[in-house]
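To start, the structure itself, in structure tokens.
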2 protein chains.
Amino acid sequence: MKETLHKYINSFVQLTKEEFATFDEILTQKQFKKNELILEAGKICQRVWFATDGYFRFFHIDSRGNEITSDFYFAPSFISSFTSLLRESPSLVNIQAMSDMEVLEFTKKDLFKLYDNYPKIERLGRLIAESVSIASEEHLFLLLNQTAEMRYKKLLEKNPKYVKIIPLQYIASYLGITQETLSRIRKSVQ
Amino acid sequence: MKETLHKYINSFVQLTKEEFATFDEILTQKQFKKNELILEAGKICQRVWFATDGYFRFFHIDSRGNEITSDFYFAPSFISSFTSLLRESPSLVNIQAMSDMEVLEFTKKDLFKLYDNYPKIERLGRLIAESVSIASEEHLFLLLNQTAEMRYKKLLEKNPKYVKIIPLQYIASYLGITQETLSRIRKSVQ
DNA sequence: GATAACTTTTGATAAATGTCAAAAAAATTA
DNA sequence: TAATTTTTTTGACATTTATCAAAAGTTATC
């Protein structure tokens with residue numbers, strides 16, 4: 001578990017044994033059940049998780065009572081409601097584990113202490129923030145495509161994995177359409 | 001000009017006189033004319049700009065030949081195609097100055113040298129990346145609203161400034177709709 | 001392996017939004 | 001101020017997408 005984390009971190013920035021040891025100290029292991037909410041909308045997110053397998057779904061309930069999926073995170077990855085974490089504002093999203101899984105957890109408070117003492121760990125933070133930002137922009141660009149069919153085709157091109165693994169109903173709202181429409185598009189495209 | 005930049009930076013992280021002096025060394029002053037493209041789609045972005053007034057528009061041409069506005073940056077702010085800059089990939093967007101303006105410019109290369117030597121400047125980089133990420137998520141959430149009217153109302157609520165200052169045609173594609181539809185919505189809402 | 005629960009598909013219809021062309025309004029320039 | 005250019009609005013109509021209800025298909029559970 002921790003080895004996977006170390007490998008993952010090393011793909012961003014090389015840490016020394018001592019730095020890894022310090023990082024390991026703030027970690028605690030946790031288990032999540034399939035469909036469990038690891039963060040509920042309305043609460044202020046104080047933690048970051050690291051998952052080695054499976055994936056997570058971000059969703060919220062809109063003004064009409066519909067469940068809207070806004071994001072997916074596939075392991076290996078750090079997962080958090082970064083907006084809530086950084087702003088200390090109530091999370092707009094629920095984060096849901098999509099399978100039974102084990103994760104490593106740490107608090108924002110502990111992480112920020114590491115930032116103060118280990119510039120390389122703060123660099124890791126910068127690089128993660130940058131990659132989250134890029135992923136968010138990609139989703140944004142997907143949604144800016146005018147037709148639902150074009151959005152679906154671009155997703156197929158860019159993230160075929162999403163289409164293979166994630167239930168259609170969740171992909172639909174991620175693309176800003178209903179599941180019925182996505183079902184019809186999928187039929188017409190293939 | 002530089003004083004405004006220093007004030008802006010200080011709102012993220014306190015730099016010493018020496019650190020500001022070092023930062024100042026990588027800056028060059030530039031002028032842009034209204035409507036000028038400060039970055040063209042297809043080119044790899046190598047620079048970051050800092051503007052003290054006015055605003056910028058990000059746009060691209062989609063597969064149907066329509067101009068799609070994907071972002072706005074209001075001064076004071078750092079402006080760049082961060083995705084292109086960080087990935088060293090061709091920019092998907094054009095960045096356009098929306099008025100005559102003076103800016104301070106610096107290269108990615110120089111910035112990254114500062115990151116290596118000044119942890120506080122790297123922290124600034126992290127904080128900027130985080131705020132870009134949050135802004136991007138907000139636009140994303142706007143687009144996930146199902147009806148065009150709801151998207152417009154949420155924009156009015158969240159960024160009344162946009163609606164006041166930016167021509168309707170640009171706001172329309174930012175909301176994922178045509179200008180005719182936005183014109184009709186605006187009429188029905190007010 | 002049968003039952004239940006959940007997910008996807010289908011059909012009919014309504015509603016929202018896009019398209020194109022032209023007019024009106026506003027901003028810019030001579 | 002007049003002329004020109006740019007932006008916004010309007011109308012008629014086409015197209016896309018949503019909605020609702022039900023059926024079919026799939027997966028999980030006992």
Side-chain angles (χ1 to χ4, degrees), chain A residues 32-37 54-55 57 59 61-69 72 94 96-101 142-156 162-190, chain B residues 33-37 54-55 57 59 61-69 72 96-101 142-156 162-190:
Chain A
F32 293 124
K33 293 261 175 216
K34 181 174 179 178
N35 293 334
E36 186 174 347
L37 295 187
Y55 72 101
R57 180 171 78 99
F59 73 93
I61 309 298
D62 76 3
S63 51
R64 297 165 156 194
N66 294 320
E67 198 179 90
I68 308 292
T69 296
F72 304 104
N94 302 275
Q96 184 179 41
M98 299 302 279
S99 55
D100 291 355
M101 52 171 94
L142 201 61
L143 287 173
L144 286 172
N145 284 287
Q146 286 147 314
T147 68
E149 182 174 327
M150 189 56 90
R151 296 202 285 274
Y152 177 68
K153 281 183 173 167
K154 285 273 164 79
L155 181 66
L156 257 181
Y162 282 30
V163 180
K164 247 181 238 148
I165 298 176
I166 303 167
L168 171 144
Q169 54 176 326
Y170 301 139
I171 291 182
S173 62
Y174 181 80
L175 294 176
I177 54 182
T178 61
Q179 55 175 327
E180 292 94 333
T181 296
L182 181 55
S183 173
R184 290 180 177 113
I185 287 169
R186 189 161 73 166
K187 192 183 173 192
S188 82
V189 166
Q190 288 179 359
Chain B
K33 293 261 174 215
K34 181 174 180 178
N35 292 336
E36 186 174 348
L37 295 187
Y55 73 102
R57 180 172 79 100
F59 73 93
I61 309 297
D62 75 4
S63 52
R64 296 166 156 194
N66 294 319
E67 199 177 89
I68 307 293
T69 296
F72 304 105
Q96 183 180 41
M98 299 303 280
S99 56
D100 292 355
M101 51 172 95
L142 201 60
L143 287 174
L144 286 172
N145 283 288
Q146 285 147 314
T147 67
E149 182 175 325
M150 191 55 91
R151 296 202 285 273
Y152 177 68
K153 280 181 174 168
K154 285 273 165 79
L155 181 67
L156 258 180
Y162 282 29
V163 180
K164 248 181 237 147
I165 298 177
I166 302 167
L168 170 145
Q169 54 176 326
Y170 301 140
I171 291 182
S173 63
Y174 181 81
L175 294 176
I177 54 181
T178 61
Q179 56 176 327
E180 291 93 333
T181 297
L182 182 53
S183 173
R184 289 181 176 113
I185 287 169
R186 189 162 72 168
K187 192 183 173 193
S188 82
V189 166
Q190 289 179 357

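Worth knowing before you read on, the calculation uses all heavy atoms, side chains too, and leaves out hydrogens, waters and symmetry mates.
Without hydrogens or angle criteria, D100(A) side chain to K34(A) main chain gives a donor-acceptor distance under 3.5 Å. Side-chain atoms of D62(A) come within 3.5 Å of backbone atoms of R64(A) as a donor-acceptor pair (strictly under, hydrogens ignored). Under the 3.5 Å distance criterion, the side-chain polar atoms of Q96(B) are left unmatched by any main-chain donor or acceptor of L37(B).
Y170(B) carries R57(B) over the face of its six-membered ring, with the cationic atom under 6.0 Å from the centre and within 45° of the normal.
The structure places CD of Q169(A) at 11.0 Å from CD of E180(A), a figure rounded to the nearest 0.5 Å.
The nucleotide range of DNA chain D contacted by chain B, defined by atoms under 4.0 angstrom from heavy atoms of the protein and reported 5' to 3', is dT7(D) to dA12(D).
Distances shown here put every side-chain N or O of K187(A) at or beyond 4.0 Å from the OP1 or OP2 atom of dT9(C).
Atom CG of N35(A) and atom P of dT7(C) are 8 Å apart (whole Å). Rounded to an integer number of Å, the gap from OH of Y152(A) to P of dT8(C) is 11 Å.
The shortest distance between side-chain heavy atoms of Y174(A) and L142(A) falls below 4.5 Å. Taking 4.5 Å as the limit, every side-chain heavy atom of E67(A) sits out of range of all side-chain heavy atoms of S173(A). Put simply, the side chain of Y152(B) does not reach to within 4.5 Å of the side chain of I177(B), judged on heavy atoms.
Map L168(B) and K34(A) each onto its nearest nucleotide of DNA chain D; the residue landing nearer the 5' end is L168(B).
Of the candidates dT10(C), dT8(C), dT19(C), dT8(C) carries the atom nearest the Q169(A) side chain, counting heavy atoms from C-beta on.
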Please enumerate all protein N or O atoms sitting under 3.5 Å from an N or O of nucleotides 15-18 of chain C, with distances to 0.1 Å.
unit_1  : atom_1 : unit_2  : atom_2 : d
dT17(C) : OP1    : A148(B) : N      : 2.7
dG18(C) : OP2    : T178(B) : N      : 3.3
dG18(C) : OP2    : T178(B) : OG1    : 3.2
dG18(C) : OP2    : T181(B) : OG1    : 2.7

